[in-house]
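Here's the structure, in structure tokens; my notes come after.
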Amino acid sequence: MADTQSGVTDLKVEDGIAIVTVNNPPVNALGAAVRDGVAARMREAAADPATEAVVLICAGRTFFAGADITEFGKPPKGIPLGELVTLIEDMPKPVVAAIHGTALGGGLEMALGCHYRVAVPSARVGLPEVKLGILPGAGGTQRLPRIVGVERALEMITSGEHVPAPKAKEAGLIDELAPEEGLRQAALDFAKRLVAEGKGPRKVRDLSDKVEAARGKPEVFADFAKANARRFRGFEAPAACIEAVKAAVELPFEQGIAKERDLFLKLVAGTQSKAQRYVFFAEREVRKIPDLPDDTPTLPVNSVGIIGAGTMGGGIAMNFLNAGIPVTIVEMKQEALDRGLSVIRKNYEASAAKGRLKPEDVEKRMSLITGTLDFEALSTPDLVIEAVYENMDIKKDVFRRLDKIAKPGAILASNTSYLNVDEIASVTSRPESVIGMHFFSPANVMKLLEVVRAEKASKEVVATAVKLAPKIGKIGVLVGVCYGFVGNRMLAERQREANRLVEEGAMPWDVDRVLYEFGLPMGPFAMSDLAGLDIGWSRETSKGETLREKLCEMDRRGQKTGAGFYDYDANRKATPSPIVEQMVLDHSKQKGITRRQISDAEILERLIYPMINEGAKILEEGKAIRASDIDMVWINGYGWPVYRGGPMFYADTVGLENVLARMEQWEREIGPEFRPSDLLRRKVEAGETFTGAA
Ligand code: HSC
């Protein structure tokens, strides 16, 4: 048989082994051209009498990373993926998958259609479809349990985890590990050995011992769902994944496949999956800055200085230590420095105790941090981040001192959450080096980093900060200077309305419950209790006007005092407080407000539509590059449920005309703070959406 090449696939025969190579950069997604190409090459190999076995391998950086997500929702083209997997499985000659990089989703399903799997140790395999709001739709839910067993399959399919090849080998998913640089040869040798030993195709669909163990035991699935209820809360896909795996146990293979397809088609057409696919692309889009092409020069960041060893400074430091970047942390008093360093150590030790970190890594990371009281130590780092008290005069003072000490070209960043970074930059002799890097608390956990583009910051400085974000495990969103930037500016709208709803008739726990049921981890009042109601409050200056001030005066300062908006038991479990209920009623009376019944739907709209309107103003003013960047802020900084795609995507799903109508109504009935943004109006008039994805 002649070697053939067509588009993205290529077939070569060596020593009686057909090598089918796929080359579809960047990640060998299984688009129609790839599927048709592989099908054609497999048929050729099947028909060629000189070919005794087949190796399926990918060129470039990875094995198939999955189905081509951009094809979902479009008219079908080419051979369906499920059919292709079956075609491979039904090949009359053994087929060996040769895996490097990542075999994910449809990619792993292809490998499961192959009769044997060889992988390099650095490869990772998984079925991450659940993260896109779907389930594996090309046989993955039926074949994986037949190889790794029901419990492992449930875990892999509902978590979407990427399993390293050596672990996958232990689970029986990989037959042989190949040398890192010799995959092609190892797969070829493996195939030759199969031929020599007379081993033919081995179909995963025919394996049954591992699924039989769970047959007639519905409690396996019910218990799994129950044990993971918190993790799955609000998501539709995990339950469908469990149902599909159950079908693998209880139904014949073909019927299981049909069940999987039905579940897949339902999920892929739903809003949750649309939202989750939108988020997948939004996370990648956020790195693209129109006036900063990918080749914009960046500055080296091989050492970092941090001013302030408080909760924020310590959390920020951990991000860099985790990435292997040495940190010098500066404090004013020895006691504060010691406390800060010991909190960092305790955090690492807690991770090690939970098995998330090796004990030797605790020491490795701690060895990268130097604590000092000497401000002069900031003369060497490439990047210095100020994380001191949120006060303009203090920040300016710090930047004036920093300007005198930091080396030329060092990036000077403020971790301010609200303040004007241009004003901070103006006190230095080098505003081109000054930006904002706004981390979110707890800074070692929350994925969001708002990179605040100060007016005079140089392109190199901005590009460096944006590129640094993923290196320290963050999603960096470029935002403009304005009060509260993107996240806190929108949050202020929600907070104002939460307080007002409580005055008008809702109870704090009604507001919190509505947001929790919407999918957020907690509402604003539970959040305030957690953070402490007395942040920024003092008895001397308290006017006793707001509910928060009244609570602080009563020493109900949140969870730490056992009481705040809620009462807390010894395990910090919250219950609505009758004292607060009475306070709320009195408060409304004092303000001359006649309380009314407020529906959950109204609470939700009043909390969220003003945020959306503010998001539109942010876009209009150019303080965020695109609507999806705003959504990235809310998902990664505030726990907005990913299956609702962020506030701007959510606005598209409810219909911008509905948001506009409500804002107009409230502007008339309540006040000018609800005035709809011009962008929202224009979008409605033009029949457009914010994201184009809902
Ligand atoms: C799936 O497989 C469904 C199947 O079970 C069934 C389907 C059959 C249904 C029939 C039913 C009847 N598609 O991330 P990077 C792009 S669902 C399209 O920056 P890295 C990406 O947008 C899929 N595009 O690279 C980016 O584009 P840009 C399951 C994809 O090295 C570029 O490639 N698989 C794509 O950091 C580079 O990506 C997954 O969910 C895709 N599948 O990470 C895996 N994957 O440059 C998704 C990537 O223009 N992919 N792109 O911005 C990943 O997790 C990561 O991309 C990798 C590489 C870890 C592969």
Side-chain angles (χ1 to χ4, degrees), residues 8 22 24-35 38 58 60-87 99-113 122-144 153 156-157 159-164 237 240-241 244-245 256-270 273-274 276-289 293-294 467 469-471 473 475 626 628 632 642 693:
V8 289
V22 177
N24 183 32
V27 294
N28 287 311
L30 283 150
V34 173
R35 297 194 305 273
V38 174
C58 290
R61 66 192 214 222
T62 179
F63 196 70
F64 307 107
D68 184 339
I69 307 167
T70 60
E71 283 185 353
F72 293 166
K74 294 191 185 143
K77 272 200 310 198
I79 179 172
L81 189 59
E83 263 178 49
L84 175 61
V85 173
T86 306
L87 183 152
I99 302 171
H100 74 296
T102 43
L104 299 176
L108 180 56
E109 291 174 302
M110 287 286 280
L112 287 167
S122 62
R124 285 172 301 141
V125 302
L127 293 173
E129 284 87 342
V130 72
K131 295 189 180 155
L132 301 171
I134 50 175
L135 46 63
T141 64
Q142 305 304 297
R143 289 192 179 87
L144 189 67
M156 276 180 73
I157 295 172
S159 72
E161 69 181 306
H162 296 185
V163 180
C241 293
V245 175
I257 288 282
K259 177 86 190 168
E260 178 194 85
R261 187 170 45 245
D262 286 352
L263 290 165
F264 179 92
L265 290 174
K266 203 162 138 223
L267 287 176
V268 80
S273 175
K274 269 188 206 144
Q276 289 178 254
R277 282 180 270 140
Y278 158 79
V279 170
F280 175 85
F281 289 111
E283 274 179 10
R284 285 150 179 85
E285 196 69 15
V286 80
R287 307 175 204 148
K288 296 169 193 163
I289 316 295
D294 223 27
K467 289 232 164 102
K471 285 187 199 148
I475 302 224
R626 41 184 104 76
S628 63
M632 288 302 95
V642 59

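In each ligand, atom 1 is the first atom listed, and ligand 1 is the first ligand listed. For clarity, every value in this text was computed on a predicted model and none was experimentally measured.
Looking only at heavy atoms of the protein, atom 50 (N) of ligand 1 is closest to Phe280 CZ, 3.6 Å. Of all protein heavy atoms, the one lying nearest to atom 42 (N) of ligand 1 is Ala67 O, 2.8 Å. Here the heavy atom of the protein found nearest to atom 5 (O) of ligand 1 is Glu129 OE2, 2.5 Å. The single protein non-hydrogen atom nearest to atom 39 (C) of ligand 1 is Ala65 O, 3.5 Å, given as residue, atom name and distance. Among protein heavy atoms, the minimum distance from atom 31 (O) of ligand 1 is reached at Arg61 NH2, 2.8 Å. Scanning the protein heavy atoms around atom 6 (C) of ligand 1, the nearest turns out to be Gly137 N, 3.5 Å. The nearest heavy-atom contact from the protein to atom 54 (O) of ligand 1 is Leu104 CD1, 3.9 Å. The shortest contact between atom 26 (C) of ligand 1 and any protein heavy atom is with Arg284 CD, 4.2 Å.
At distances below 3.5 Å, at least one donor-acceptor pair connects side-chain atoms of His100 with backbone N or O atoms of Gly60. A donor-acceptor pair is defined here as one N or O able to donate and one able to accept, closer than 3.5 Å; such a pair exists between the side chain of Asn28 and the backbone of Thr62. Judged by distance alone, the side chain of Thr102 and the main-chain N or O of Arg124 form no donor-acceptor pair under 3.5 Å.
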(Q) Working note: Ile69 + Glu71, criterion side-chain contact (heavy atoms from CB on, under 4.5 Å); need CA distance, chi angles, decisive distance, verdict. (A) CA-CA 5 Å; Ile69 307 167; Glu71 283 185 353; over 6 Å; no

Q: Go through Phe281 and Thr70 one step at a time and tell me if the side-chain contact (heavy atoms from CB on, under 4.5 Å) criterion holds.
A: CA-CA 10 Å; Phe281 289 111; Thr70 60; 3.7 Å; yes

Q: I would like to know whether Phe64 and Val34 meet side-chain contact (heavy atoms from CB on, under 4.5 Å); could you show each step before the answer?
A: CA-CA 10 Å; Phe64 307 107; Val34 173; 3.9 Å; yes

**Q.** Derivation and outcome, side-chain contact (heavy atoms from CB on, under 4.5 Å), residues Leu267 and Leu135
**A.** CA-CA 8 Å; Leu267 287 176; Leu135 46 63; 4.1 Å; yes

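Residue Gly66 has no nitrogen or oxygen atom sitting less than 3.5 Å from a nitrogen or oxygen atom of ligand 1, judged on distance alone. Taking any N or O of Gly105, backbone or side chain, none lies under 3.5 Å from an N or O belonging to ligand 1. The N/O atoms of Phe281, backbone and side chain alike, include none that comes under 3.5 Å of an N/O atom in ligand 1. Where the criterion is an N or O separation shorter than 3.5 Å, residue side chain and backbone included, His162 fails it with respect to ligand 1. Ligand 1 has a nitrogen or oxygen under 3.5 angstrom from a nitrogen or oxygen of Lys288. Taking distance alone, with nitrogen or oxygen atoms compared against 3.5 Å, Leu265 stays at or beyond that limit from ligand 1. Polar contact with ligand 1: absent for Thr70 (N/O pair, distance under 3.5 Å). For ligand 1, the polar-atom distance check finds no N/O of Phe264 at less than 3.5 Å from any of the ligand's N/O atoms.
Listed by number with element, the atoms of ligand 1 under 4.0 angstrom from any heavy atom of Val27 are 33 (O), 35 (C), 45 (N), 48 (C), 51 (N). Using a 4.0 Å cut-off to heavy atoms of Pro136, the atoms of ligand 1 that qualify are 5 (O). Short contacts between ligand 1 and Glu109, defined as distances under 4.0 Å to a heavy atom of the residue, involve ligand atoms 4 (C), 5 (O), 6 (C). Near Arg261, the atoms of ligand 1 lying under 4.0 angstrom from a non-hydrogen atom of the residue are 12 (C). Less than 4.0 angstrom separates some heavy atom of Asp68 from each of these atoms of ligand 1: 13 (N), 18 (C).
For atom 17 (S) of ligand 1, the protein comes within 4.0 Å by at least one heavy atom. There is no protein heavy atom closer than 4.0 angstrom to atom 36 (O) of ligand 1. Inside a 4.0 Å radius of atom 57 (C) of ligand 1 there is not any protein heavy atom. For atom 22 (O) of ligand 1, the nearest protein heavy atom lies closer than 4.0 Å.
Residue Arg287 touches ligand 1 through its side chain alone, judged by heavy-atom distances below 4.0 Å. At a heavy-atom cutoff of 4.0 Å, ligand 1 is contacted by the side chain of Leu132 but not by its backbone. Of all the heavy atoms of Pro26, the ones lying under 4.0 Å from any atom of ligand 1 belong exclusively to the side chain. Contact annotation: for Thr102 versus ligand 1, heavy atoms closer than 4.0 Å belong to the side chain alone. Of all the heavy atoms of Ile69, the ones lying under 4.0 Å from any atom of ligand 1 are found in both the backbone and the side chain. For Pro128, every heavy-atom contact with ligand 1 shorter than 4.0 Å involves the side chain, none the backbone.
The number of heavy-atom neighbours closer than 6.0 Å to CZ of Arg261, taken from other residues, nucleotides and ligands shown, is 12 or below.
Arg35 contributes atom CZ, which lies 8.5 Å from atom CD1 of Ile79 (distance to the nearest 0.5 angstrom). Note that the CG atom of Leu87 and the CG atom of Leu81 stand 11.5 Å from one another [nearest 0.5 Å]. Put simply, OH on Tyr278 and CD on Glu285 are 9.5 Å apart, with the number rounded to the nearest 0.5 Å. Interatomic distance, Leu84 CG to Leu30 CG, rounded to the nearest 0.5 Å: 7.5 Å.
Taking the ring centre of Phe280 as origin, the terminal cationic atom of Arg284 falls inside the region bounded by 6.0 Å and 45° from the ring axis.
At a threshold of 4.0 Å, the pair Lys467-Asp294 counts as salt-bridged, since one of the basic side-chain nitrogens sits closer than that to a carboxylate oxygen.
For the pair Leu127/Glu109, a side-chain contact is recorded, criterion being any heavy-atom separation below 4.5 Å from C-beta on.
Residues forming a side-chain hydrogen bond (donor to acceptor under 3.5 Å, both in side chains) with Glu260 (at least two apart in sequence, or on another chain): Thr141. Scored by the side-chain hydrogen bond (donor to acceptor under 3.5 Å, both in side chains) test, Lys259 finds Glu243 as partners (sequence neighbours excluded).
Minimum heavy-atom separation, Ala282 to Met632: CB-CE, 3.6 Å.
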